[in-house]
Structure formats: structure tokens, C-alpha cells
**Student:** 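Take a look at the following structure, please.
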Amino acid sequence: MSVVTTSTDERRMSASLFSRLRTAGGQADPFPIYGELLSRGEVIPAPWGGSVVTSFALCDQVLRSRDWLEPDKQWRGRQPPGTRWNASSSQEMSNTLAALNPPDHTRARRAAGTFDRSTVEQISRTVTATTARLLDTFSERLRDGEADFVALVGEELPVATIGGWLGLPAADWPRLRHLTHDQVFTQELLPSASQLAASDAATAELRAYFTALVRERRAHPGDDPVSRWTRTWDAMEPDRDKADEAVYFLVLFVLLAALETTSQLLTTMTLLLVERPDRWDMVAERPDSVPAFVEETLRYDPPTHVISRVAAEDRVLGGMEIRKDEMVHLMVGAAHRDPARHSDPDRFDLRRKPAHLAFSGGIHYCLGAPLARLEAQILLRHIVRRLPRLALVRRPSMAPRVAFRRLLNLDVALA
Ligand code: HEM
């Protein structure tokens with residue numbers, strides 16, 4: 001196999017593409033930049049070190065292969081001082097599911113359980129009731145003029161769903177949502193020093209909140225997920241403090257994983273709907289197309305555009321030599337537009353065979369995928385059934401992020 005060496009020119013070119021990706025314009029529409037990255041190769045050097053994987057086939061391969069690992073606690077410990085990996089928020093995240101490798105991951109994932117059919121059915125009743133209530137307020141606001149979908153629905157439905165399921169008091173939801181927005185920066189592609197500081201502060205507050213919650217549920221157990229996780233961990237771990245710590249990391253991660261990602265899915269889906277009246281009419285006439293609409297949204301513009309892994313050993317990937325411990329950034333947002341995987345990839349097309357990596361793949365496949373799909377499908381059905389056609393009032397703004405997309409507003413009015 002021939003192995004590609006990286007020229008200074010290549011690194012310079014990828015540096016220029018990534019700096020464009022970090023501008024407001026690049027974040028509003030990263031897809032032309034992804035097209036350029038794809039045209040430069042399946043694996044290209046990342047300007048800050050490591051590599052960037054652009055093709056669908058190789059992103060999929062890395063996610064499913066045991067040759068590639070999560071950047072875990074040991075890996076973070078081997079990074080030089082003063083990097084983002086030493087930040088307290090990053091250290092805290094290194095104990096959560098998505099930063100564990102087998103065998104620790106296998107154990108923690110088994111303890112987390114799954115959203116089985118009966119749990120999903122039970123949650124779906126709450127999601128339906130919450131959706132109806134949120135759309136009542138949204139409709140009222142629309143009668144008076146324009147309304148921001150993000151503030152009134154997109155951010156509210158996920159926190160009510162996960163907060164309700166975990167049994168968190170509704171009065172705490174706004175604070176938890178706010179802390180999550182800051183916390184996520186530590187999981188960004190290239191967080192700035194001030195973003196990391198905001199993430200560190202949010203992480204400390206979330207630790208205090210959730211360790212108190214775990215203590216309280218141990219003292220007064222009930223039939224809620226945190227009490228169930230405590231019982232599961234007690235059966236696996238004789239040391240009570242360690243069991244409580246494991247439950248804390250699980251509940252923390254579930255909240256973080258569930259909020260922004262799902263809000264972003266709901267908002268992007270609604271943007272794609274209001275942008276084009278023919279799409280709205282089609283879904284309204286054919287409600288059976290709702291699941292396909294949700295899946296195509298997840299392909300077209302997924303909430304998470306980048307997933308990272310590190311090499312377990314020296315490897316050659318797509319002709320590029322990658323040394324043990326080097327990081328590969330899987331550009332999922334680009335891979336979803338890879339013409340080798342999807343014909344006419346820039347077209348939003350409900351007739352495609354669903355194939356996307358929005359929920360990752362392999363052993364870290366998103367635990368909450370059934371819940372995210374449930375919320376999106378129920379919401380979309382309600383919107384087209386209950387609301388008259390809407391129109392976009394202005395282009396939405398994006399948060400300054402590359403990996404975790406976040407629409408800050410979606411201002412709409414009656415069409
Ligand atoms: C549209 C919404 C969502 C998206 C796009 C999403 C995306 C992802 C992705 C990409 C990963 C894997 C990260 C990696 O491979 O390193 C992941 C993992 C995870 N997600 Fe989600 N997620 C969503 C909603 C949720 C919800 C609602 C929950 C909670 C109920 C959740 C809980 C988790 C957990 C616990 C993991 C860790 C799994 C593991 O490492 O074994 N997610 N998610």
C-alpha cells in the first residue's frame with residue numbers, strides 16, 4: 001500500500017479551510033467547505049496535528065473498529081500540560097460513557113440500560129402532552145406576529161422530556177439548559193481559553209447539582225432512573241462512594257448528551273420545513289413521511305458534525321500513516337455529503353435509503369437515539385397538523401461552534 005506524506009502546502013491548505021469553517025459564514029453554511037475538504041482526500045492532515053477523515057466509508061469504518069479508541073483518561077494524561085485536555089471540564093468528561101474504552105465502557109454501558117419499547121411508550125405520552133402545550137404558546141405568539149421557535153419549542157421540549165424522565169424539578173430546567181450550553185465547549189473541536197473557562201465553571205456547578213441529586217435519591221429511592229442506576233451499581237460495586245460516583249457520571253452525561261443535540265435536531269428540522277412550502281405541503285399531505293423527514297434531517301445537517309477517536313496502534317488509514325495515540329477527527333457533517341455514499345448529496349431528499357452517522361456507530365452508538373427520534377417525529381406531526389404554513393422572518397444565527405451545531409434563534413411568522 002502506498003503511504004501519503006504530508007507536504008507543507010497541504011497543511012497550509014487545510015489550515016485555510018479550517019479557518020474559514022470557524023468564521024460566522026463558515027458556520028452558517030459549512031457544506032461548500034466540506035466539499036473542498038472531500039475533494040482533497042479521504043484523510044487529510046489537520047492543521048493543529050492529527051488527521052481529518054472526510055469520507056463516509058472511512059468515518060463508518062473507524063467508528064466500528066476496535067483499532068480506534070475514545071480519548072480516555074489515560075490518553076488525556078499523556079497530553080502535554082497546558083492543552084485543552086488538562087482543563088478540569090475535560091478531566092471530568094473523561095469519566096463519562098463517551099470517553100470510556102472497553103472494558104470500563106462495557107461495564108458502564110451495561111449499567112446504563114436502554115430505552116426499551118415500554119419506556120419509550122411511556123415517555124411518548126409525556127412528549128405528546130408537552131408538545132401540545134408548547135405549540136399552544138407558540139401559536140398564541142404567532143397570532144401577535146413573529147415567534148422564535150428555538151426559545152418557545154426547540155429548547156423546551158428536550159429539557160422537559162429528559163428532565164421529566166429523570167425526575168428533575170421543572171424550576172431547575174432553565175439553569176440546567178444554560179449550564180449545558182457552556183459545558184459543551186469542552187467537547188468542541190478547538191475551544192478558546194474563554195470557552196474552556198466557561199465550561200470548567202459550568203462543569204463544577206453541574207457536579208454540585210448532580211452529586212447532591214444522587215445523594216438525595218440514595219436517601220429516598222423511588223421508581224426513577226437515578227434510583228434504578230443506584231441499585232444496579234450497588235449490585236456491581238461494593239464501594240458505595242464509587243457506585244455513587246458512577247451514577248453521577250451517568251446522569252450528568254445523559255443530561256448533557258440529551259439537551260443541545262435534540263434541540264438542534266428539532267430546530268434544523270423545522271428550519272428545513274419552513275424554508276420550502278413544498279416540503280411543508282408534502283409532509284402535511286403525507287404524515288407517513290415524517291420518519292423519513294427526521295432521518296434525512298439527521299443526514300443533511302446533523303447536530304454533531306465532528307466525532308473524534310485516537311489510534312490504538314500505528315495504523316495506515318486511507319493511505320495516511322497515523323501513529324499510536326494520534327487523533328482522527330471524523331467529519332460526519334462532510335461524510336454525510338460524500339457523493340461516493342449519497343448521490344446528489346446536497347439535495348434534501350426523502351426517498352433516500354437512510355444512512356447516516358448522526359448517532360455515531362459501533363459500541364458508542366447513541367443510547368438516546370430512540371428518544372431523540374420520538375421527540376422529533378411527534379413534534380413534526382403536531383406542527384403540520386396544527387399550524388398553518390409558516391415562513392422564515394430572518395436567517396437564524398449560529399453559535400460559534402464547529403462540532404456541536406447550535407441555531408440560536410429561528411424566527412418565523414404566519415406565511
Ligand atoms: C438528536 C439527538 C442526539 C444526537 C445527534 C446524539 C448524538 C450522539 C453521538 C454522536 C454519540 C457518540 C459520541 C461518540 O461516538 O464518541 C452519542 C452518544 C451518547 N448519547 Fe446521544 N445524541 C442525541 C440524543 C441523545 C439523547 C436524547 C440521550 C439521552 C437520553 C443521549 C445519550 C447518549 C449517551 C448516554 C451516549 C454515550 C454512549 C456511549 O458512549 O456508549 N443522546 N450521542
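It should be emphasised that the depicted structure is a prediction, and the values quoted were computed from it without experimental measurement. Just follow the structure's listing: the first ligand is 1, and inside any ligand the first atom is 1.
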**Student:** Kindly write out the residues that satisfy side chain to side chain contact (heavy atoms under 4.5 Å, CB included) with R352, not counting sequence neighbours, or none if the list is empty.
**Tutor:**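 So R352 forms a side chain to side chain contact (heavy atoms under 4.5 Å, CB included) with E296, R299, H342, R347, D349.
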**Student:** On the 0 to 90° scale, with breaks at 30° and 60°, tag the H105-H364 ring pair as parallel, tilted or perpendicular.
**Tutor:**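 Answer is tilted, since the angle falls between 30° and 60°.
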**Student:** Can the ring centroids of F210 and F253 be said to lie less than 6.0 angstrom from one another?
**Tutor:**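 No, the ring centres sit 6.0 Å or more apart.
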**Student:** Given 3.5 Å as the limit, does a donor-acceptor pair link the side chain of R107 with the main chain of M236, or not?
**Tutor:**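 At least one qualifying donor-acceptor pair exists.
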**Student:** Looking at F31, does the NZ or CZ of R337 lie under 6.0 angstrom from its six-membered ring centre and within 45 degrees of the ring axis?
**Tutor:**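 Yes; both conditions hold, so R337 lies above the ring face of F31.
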**Student:** Measure from the side-chain N and O atoms of R401 to the backbone N and O of F404, and report whether any donor-acceptor pair falls under 3.5 Å.
**Tutor:**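 Flag set: sc R401 to bb F404 pair under 3.5 Å.
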**Student:** What does the contact table look like for ligand 1 (nitrogen or oxygen on each side, cut-off under 3.5 Å)?
**Tutor:**
from: ligand 1; atom 1: 15 (O); to: R309; atom 2: NH2; distance (Å): 2.8
from: ligand 1; atom 1: 15 (O); to: S360; atom 2: OG; distance (Å): 2.7
from: ligand 1; atom 1: 16 (O); to: E70; atom 2: OE2; distance (Å): 2.8
from: ligand 1; atom 1: 16 (O); to: R309; atom 2: NH1; distance (Å): 3.0
from: ligand 1; atom 1: 40 (O); to: H364; atom 2: ND1; distance (Å): 2.7
from: ligand 1; atom 1: 41 (O); to: H105; atom 2: NE2; distance (Å): 2.7
from: ligand 1; atom 1: 41 (O); to: R109; atom 2: NH1; distance (Å): 2.7

